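This report refers to the structure that appears directly beneath it.
Below, chain A is the first sequence line, B the second, and so on; all start at residue 1. Owing to the predicted nature of the structure, the values given are computational and were not obtained by experimental measurement.
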Amino acid sequence: MFNDRSPIYRQIAEQIKGDILSGTLVEDEQVMSTNQYAAFYRINPATAAKAFQQLETEGILYKKRGIGMFVSPNARAMLLTQHRERFFSEVIDPMVAEARACEIPLEEIIDRLRQLANEGRR
Amino acid sequence: MTMTVEARSLTLNYGKTTALDELSFTLDGGKIYGLLGRNGSGKSSLLSVLAAFRKASGGEVLIGGEPVFENPLVTRQICLIRESVDVVEASDRVEEVLAFAAERRPNWDADYAASLVDTFQLDMRQKVGELSRGKQSALGAVLGLAARAPLTMFDETYLGMDAPSRYLFYDAILTDYIAHPRTIVVSTHLIEEVARIFEEVVIIDAGRLVLHEPAETLTARGASVTGPAGQVDEFIAGLTVLNEKQLGRTKSAIVYGLLGAGQRQQARAAGLDLEPIALQDLFVYLTTAKGGSR
């Protein structure tokens, strides 16, 4: 269920972000409790709590004392902005580096992108 | 209902052999702790002293702030399940062992014990001495969990259990801990499969404390760095290196220490692969370090 490439709490945080982006979790909706997460994923509750803490710091979730954690009203917009920024540094930049390593001219990549974009439009 | 556990310069000698050597640490309690160590590192000795089964040769143990040795008010709050289940007679039946525990344990939950007996498919009528190794461990798991002791310690309570039983055991520890928070210490060699339920990890080696850290911090601290040898050497200079190996011009090093965002970026820029390492691997590197000291 989890891979070993990043700490489990970060993977849980990413899953919640994914759910918000896809619309599975909507704004002002309550997320499961740390204990529910812990029992479901079979992890220590403190690990789940750390994920929530991180998301609260980032402004993705907010806490209602004594009730639980909720999705912030602007969470999805924030995540979209973050993902657009990361798209270039994490997808485009490594792709260009890879293309350079196997000596693929930039024009060929651009042609390919255009072709894919046109196919997508049809 | 949580109990702090404090070891102060704890020493235990068996004749001329030193099992525990000036061991000091404090567990805040209310958490699940993993106690890790190689064979003969002193795990069982430590647990025996914490549970007052043995008297320390030096130093002291405070449980909930109270000295533990010959202190019945404290020891009745403690449940240690040893490798071999402690029973009066091997001819006792499972049901008799459970009834005996129910009498002695102030927080015993008989319904929960019965459901665990079902989970682990134990035969109530069977004699303890005739149980397979795995079923003996399962009985230990039932005794430890259903006692709901504020300080519960399992000393390798999985020997002989098959994988499905072990996972049932880990799940039971976690769910019962969530429902009834208490201090739980689990000593194990099977780190990989149980690591996720630990909140903190204590590693001992040769009777001494190697480290005591939150599990997440610990795994965040270890990283493997792989790439061209020159770049790897440049990157690991000044870091604590636990292991190095080289294949042609590619080098891989295991470093221990929190890497900052700047270092991660530097690694990426130098074309190095930075990967976290699993707790079990980290444990292996930390306890086989050259000379045994770091």
Side-chain angles (χ1 to χ4, degrees), chain A residues 1-17 31-58 66-69 82 85-104, chain B residues 28-34 166-184 186 191-201 213-224 226 258-259 261 264-265 268-271 273-282:
Chain A
M1 204 172 292
F2 295 108
N3 63 51
D4 283 324
R5 288 186 66 93
S6 71
I8 294 172
Y9 77 88
R10 218 173 282 160
Q11 295 180 46
I12 293 176
E14 288 304 318
Q15 275 180 15
I16 295 176
K17 285 180 180 177
V31 295
M32 288 193 298
S33 72
T34 47
N35 279 349
Q36 285 170 314
Y37 261 95
F40 184 80
Y41 289 116
R42 299 172 171 181
I43 53 169
N44 191 287
T47 308
K50 203 167 171 191
F52 282 26
Q53 213 173 42
Q54 188 197 320
L55 292 171
E56 198 189 357
T57 313
E58 289 180 31
I67 305 177
M69 302 293 284
Q82 273 180 22
E85 283 164 7
R86 267 176 28 197
F87 176 75
F88 286 92
S89 65
E90 288 179 12
V91 179
I92 300 297
D93 297 357
M95 181 186 79
V96 172
E98 184 85 358
R100 200 168 282 154
C102 39
E103 299 179 5
I104 297 173
Chain B
D28 298 333
K31 296 175 184 170
I32 303 178
Y33 298 87
R166 294 199 302 271
Y167 280 86
L168 287 171
F169 178 40
Y170 307 147
D171 282 356
I173 293 177
L174 187 62
T175 39
D176 201 57
Y177 162 78
I178 289 171
H180 303 273
R182 53 201 194 264
T183 306
I184 299 178
V186 179
I191 303 170
E192 211 52 67
E193 57 186 39
V194 69
R196 278 170 195 167
I197 74 166
F198 296 153
E199 182 164 350
E200 292 184 10
V201 171
E213 299 264 10
E216 286 285 350
T217 311
L218 191 54
T219 41
R221 279 215 176 143
S224 85
T226 309
L258 219 47
L259 297 177
R264 290 182 179 277
Q265 208 153 6
R268 222 176 302 146
D273 262 343
L274 223 47
E275 279 189 42
I277 53 176
L279 182 60
Q280 174 144 315
D281 295 332
L282 198 56

Which heavy atom in B:R196 sits nearest to a heavy atom in A:I8, and how many Å separate them? CG-CD1, 3.3 Å

Between A:A38 and B:I178, the two heavy atoms sitting closest are CB-CD1, 3.8 Å

Pairwise distance CZ(A:R42) to CD(B:E193) - rounded to 0.5 angstrom: 12.0 Å

If every non-hydrogen atom of A:N44 is compared with every non-hydrogen atom of B:I32, which pair is closest and at what distance? ND2-CB, 3.9 Å

Quick check on B:Y177 against chain A: is it the side chain, the backbone, both or neither that has a heavy atom closer than 4.5 Å? side chain

A:P45, A:A39, A:A97: which one forms the most heavy-atom pairs within less than 4.5 Å of chain B? A:P45

Counting only non-hydrogen atoms closer than 4.5 Å, does B:I197 touch chain A with its backbone (N, CA, C, O), its side chain (CB onward), both, or neither? both

Pick from B:Y170, B:Y167, B:F198: which one has the most heavy-atom pairs with chain A under 4.5 Å? B:F198

